[in-house]
Amino acid sequence: MRIARFSIDGNVAFGAVEGDPTGPGGLDGLVLDIIKGIPFADFELSGTKVPLDKVRLLPPVLPNKVVAIGRNYPAHAAELGNEVPAAPWAFFKPSTSVIGPGDPIVYPTFSSEVHHEAELAVVISRLCREVPRERVKDVILGFTCANDVTARDTQRTEKQWARAKGFDSSCPLGPWIETSLDLAAASDLAITATVNGELRQAGRSSEMINSIEDLIVNITEAMTLLPGDVLLTGTPAGVGPLHPGDEVAVSIEGIGTLTNKVISRG
């Protein structure tokens, strides 16, 4: 099931996406069956359906926190001249950094070198801590596309990555949550990023140093994850600059495409 979060006539709801977004019609003809309740608990489909083109897609979740992993792909670490860390290297992106499909990435005034980073994102389904490896599958609601937008010059000059990775609009998520992928499938998905239609990044989630299971075990040793929290699993090689006016699209096999345009502030 694909679960989207959307607004229509001033109301916000979740809905199950019906139709095939990879077909010749693309998003045309897709409909949303409105969910009774929320996807983090038992829910039913209402049978009330609205065309996707009549709603505004929102970030598929509003996470309490986004836990992101740095340098989890060897080729990406190498392209920036960094060593591969001995253990998962976690950092946070605040909830205020999250935007949805079609929302603008606002170029920060303190940076002149902003990069895209296409990533597979994991959405947590339930409150969990100290998750054993064999139970990781039980705490995952599904997967979505993410763009870990980064002020690269600021990242180089500031020891903490809070501003470089956490500025407003630096965490596009979407277009929906794909719940039908199991861990085996999610561990080998094609991940790409294009800028103005030009291919920039092309990798596979199988290139990760630390697997999804590794990451969730490691993170929950230290902290409680809440329903709707998001884990960004790292980016493959090919990161590069974004400029106002650019359109960046992150596509992940079996999930969909997340597209955002870059604008100047003010």
Side-chain angles (χ1 to χ4, degrees), residues 63-99 105 108 110-111 113-124 131 136 140 143-173 186-189 191-193 195 200-225 229-242 248 250 252 258 260:
N64 174 272
K65 55 186 171 293
V66 178
V67 185
I69 304 297
R71 304 175 188 173
N72 199 28
Y73 286 72
H76 169 60
E79 73 179 343
L80 297 181
N82 296 316
E83 295 182 354
V84 172
W89 193 329
F91 59 92
F92 294 106
K93 293 174 82 79
S95 58
T96 48
S97 69
V98 174
I99 59 173
I105 298 167
F110 59 82
S111 174
E113 188 184 355
V114 171
H115 282 194
H116 57 82
E117 293 192 7
E119 307 208 8
L120 173 66
V122 182
V123 181
I124 299 300
V131 179
V136 165
I140 295 174
F143 303 88
T144 192
C145 305
N147 192 346
D148 177 19
V149 183
T150 301
R152 192 71 69 199
D153 48 356
T154 305
Q155 184 186 26
R156 284 194 295 264
T157 58
E158 297 182 1
K159 290 183 178 181
Q160 295 288 342
W161 295 354
R163 295 208 311 157
K165 296 275 194 177
F167 60 87
D168 290 355
S169 76
S170 65
C171 190
L173 295 175
S187 296
D188 189 22
L189 299 174
I191 302 171
T192 63
V195 177
R200 291 278 190 85
Q201 291 183 266
R204 300 194 70 86
S205 56
S206 55
E207 299 167 11
M208 291 182 196
I209 300 164
N210 302 287
S211 69
I212 295 167
E213 293 97 324
D214 294 334
L215 298 177
I216 290 179
V217 169
N218 177 271
I219 291 163
T220 61
E221 284 177 340
M223 70 189 71
T224 300
L225 296 178
D229 280 351
V230 172
L231 166 65
L232 305 190
T233 58
T235 192
V239 300
L242 294 171
V248 56
V250 174
I252 301 181
L258 167 68
N260 302 89

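Since the structure is predicted, the reported quantities are computational estimates derived from the model, not experimental observations.
Interatomic distance, Phe143 CZ to Leu189 CG, rounded to the nearest 0.5 Å: 8.0 Å. We find the CD1-OG distance between Ile212 and Ser205 to be 6.5 Å, quoted to the nearest 0.5 Å. The distance from atom CG of Leu232 to atom SG of Cys171, rounded to the nearest 0.5 Å, is 5.0 Å. Taken to the nearest 0.5 Å, the CG atom of Asp229 stands 10.0 Å off from the OG atom of Ser95. Here the CD1-CD distance, from Ile140 to Glu213, works out to 7.5 Å after rounding to the nearest 0.5 Å. Separating the NZ atom in Lys65 from the CG atom in Leu225 is a distance of 5.5 Å, to the nearest 0.5 Å.
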Worked check of side-chain contact (heavy atoms from CB on, under 4.5 Å) between Arg152 and Val239 | CA-CA 10 Å; Arg152 192 71 69 199; Val239 300; 3.6 Å; yes
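Contact check for Ile216 versus Ile124: side-chain heavy atoms found under the 4.5 Å cut-off. Residues Met208 and Ile69 form no side-chain contact, since every pair of their non-hydrogen atoms from C-beta on lies 4.5 Å or further apart. For the pair Asn147 and Asn260, the minimum side-chain heavy-atom distance is 4.5 Å or more. Put simply, the side chain of Val250 does not reach to within 4.5 Å of the side chain of Glu119, judged on heavy atoms. Side chains of Val149 and Phe167 form a contact here, defined as non-hydrogen atoms less than 4.5 Å apart. For the pair Val67/Met223, a side-chain contact is recorded, criterion being any heavy-atom separation below 4.5 Å from C-beta on.
The heavy-atom pair separating Glu207 from Pro74 by the smallest distance is O-CD, 3.4 Å.
With Thr233 contributing its side chain and Leu120 its backbone, the two residues share a donor-acceptor pair below 3.5 Å. Put simply, the side chain of Thr144 never gets that close to the backbone of Leu173: no donor and acceptor are under 3.5 Å apart. Under a 3.5 Å cut-off, the side chain of Gln201 and the backbone N or O of Ala118 do form a donor-acceptor pair. The backbone N or O of Glu113 lies less than 3.5 Å from a partner atom in the side chain of Ser111, making a donor-acceptor pair.
Asp188 pairs by the salt bridge (Lys or Arg N to Asp or Glu O under 4.0 Å) definition with Arg204, not counting sequence neighbours.
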Only distances under 3.5 Å count here; give the side-chain donor-acceptor pairs of residues 80-92 to other protein atoms, sequence neighbours excluded, each with its distance to 0.1 Å.
none

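Applying side chain to side chain contact (heavy atoms under 4.5 Å, CB included) to Asn210 and the options Asn72, Asn218, Val217 leaves one that passes, Asn72.
Sorted by first then second residue, the salt bridge (charged side-chain N to carboxylate O under 4.0 Å, His left out) pairs that include residues 160-170, not counting sequence neighbours, are Glu117-Lys165, Asp148-Lys165, Glu158-Arg163.
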